[in-house]
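Inspection log for the structure reproduced underneath, given as structure tokens.
In the text below, chain A, chain B and the rest are named by the order of the sequence lines, each starting its count at 1. Values reported hereafter were calculated over all heavy atoms of this structure, with side chains retained and with hydrogens, waters and symmetry mates removed.
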Number of protein chains: 2
Amino acid sequence: MSEGEVKMKSAARHDRVRQQHSDELAEDYVEAIADLLTKSGQARVIDLQGIFGVSHVSVIRALKRIEERKLIHKTVEGSWRLTETGEAMAKASSERHELVLNFLQALGVSDLQAQVDAEGMEHHLSSETLSSMRRYLDQNQ
Amino acid sequence: MSEGEVKMKSAARHDRVRQQHSDELAEDYVEAIADLLTKSGQARVIDLQGIFGVSHVSVIRALKRIEERKLIHKTVEGSWRLTETGEAMAKASSERHELVLNFLQALGVSDLQAQVDAEGMEHHLSSETLSSMRRYLDQNQ
DNA sequence: CTGTCGATGTAGCATGGGCTACATCTAGAT
DNA sequence: ATCTAGATGTAGCCCATGCTACATCGACAG
């Protein structure tokens, strides 16, 4: 492998890392909205403000951007719902979150820290790594 | 645990996630600079441009911000060096990277994918989770 | 009916990180 | 001596994400 190829590969990897970052917020929001809808039947700006710990302005603008991506839409009553695409993303995110959380716990990480780390990691794992985690859990249960 | 406490904890978690993000770039740069210095004895803008796959302008501005944080400094010849703080960060980052990479490989992830995922994950792992990974490696070597 | 309060929305600003286009500077070739 | 190419730096733009301050709107108390 030439030096040039090493550099290209490296650049491509970092591109991917950056791309992942730009999706994290949307995933966090659809997950939170799905959660709120399950638990309380509504997902308002102020609920999300509480969850993410940012100003309501930041929530509103994030919601607008996510709405443009056809992941969510607003009801006439002012609550937010998921589109089918959004539902799919929320379901995938939540399954992935559960898997990572269970994996970390199985590895011996405390529940609280596993929760924190799962949230940090979950947007950065390939399907291959997720499969390996699943396999580990299967073999150790 | 009251609903209010749940919300506060959740907000605090997300704050932490955001804080981690703002440090990732600095860590990536000090790691890359340390790497370049070891391999070629110099770390110039153009070398970093090749590694990260961004324009030289983005590299220059990132370097300036990182310089303000006293992690790096520029030599008269135009190469970049690490300060002691920067060295420490690079060393810690690189050890953590190795650990995560080895862990993923031990888990059965392919070398290439393990490299990619290690880069994505490494900034989001607590010392507790890193310890668990180390323990797993010790028990399975 | 009106005042107040909670929720939402808008205006405008900062910072980080990306870019292109242009300017400079140095070293090597002619 | 000058021309060119590579490396670096500057000017100025874009977008995402954060914020405060102000405006609106609806519901409920008085």
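The nucleotide whose nearest atom lies closest to any side-chain atom of B/R44 is, among D/dA7, C/dT10, C/dG9, D/dA7.
Here the C1' atom of nucleotide C/dA7 and the CD atom of A/E77 are 15 Å apart, to the nearest Å. Between A/I46 atom CD1 and D/dG26 atom C1' there is a gap of 15 Å when expressed in whole angstrom units. In this structure, B/R69 atom CZ and C/dG16 atom C1' are separated by 12 Å, rounded to whole Å. When the P atom of D/dT8 is taken as reference, atom CD1 of B/I60 falls 7 Å away, rounded to whole Å. Rounded to whole angstrom, the span from the CG atom of A/L63 across to the C1' atom of C/dT8 amounts to 11 Å.
Nearer to the 5' terminus of DNA chain D, by closest-nucleotide assignment, is the contact made by A/Y29 (compared with the other of A/H56 and A/Y29).
Cluster annotation: B/L101 and B/L104 are assigned to distinct hydrophobic clusters (Ile/Leu/Val/Met/Phe/Trp/Tyr, side-chain heavy-atom contacts under 4.5 Å, transitive).
Put simply, A/K64 has no side-chain N or O that comes within less than 4.0 Å of OP1 or OP2 on D/dT17. Side-chain nitrogen and oxygen atoms of A/R65 include none within less than 4.0 Å of the OP1 or OP2 phosphate oxygen of D/dA16. The phosphate of C/dC19 has OP1 or OP2 within less than 4.0 Å of a side-chain N or O from B/S55.
Taking the six-membered ring where tryptophan is involved, the planes of A/H124 and B/H124 are essentially parallel, since the angle between them stays under 30° and well short of 60°.
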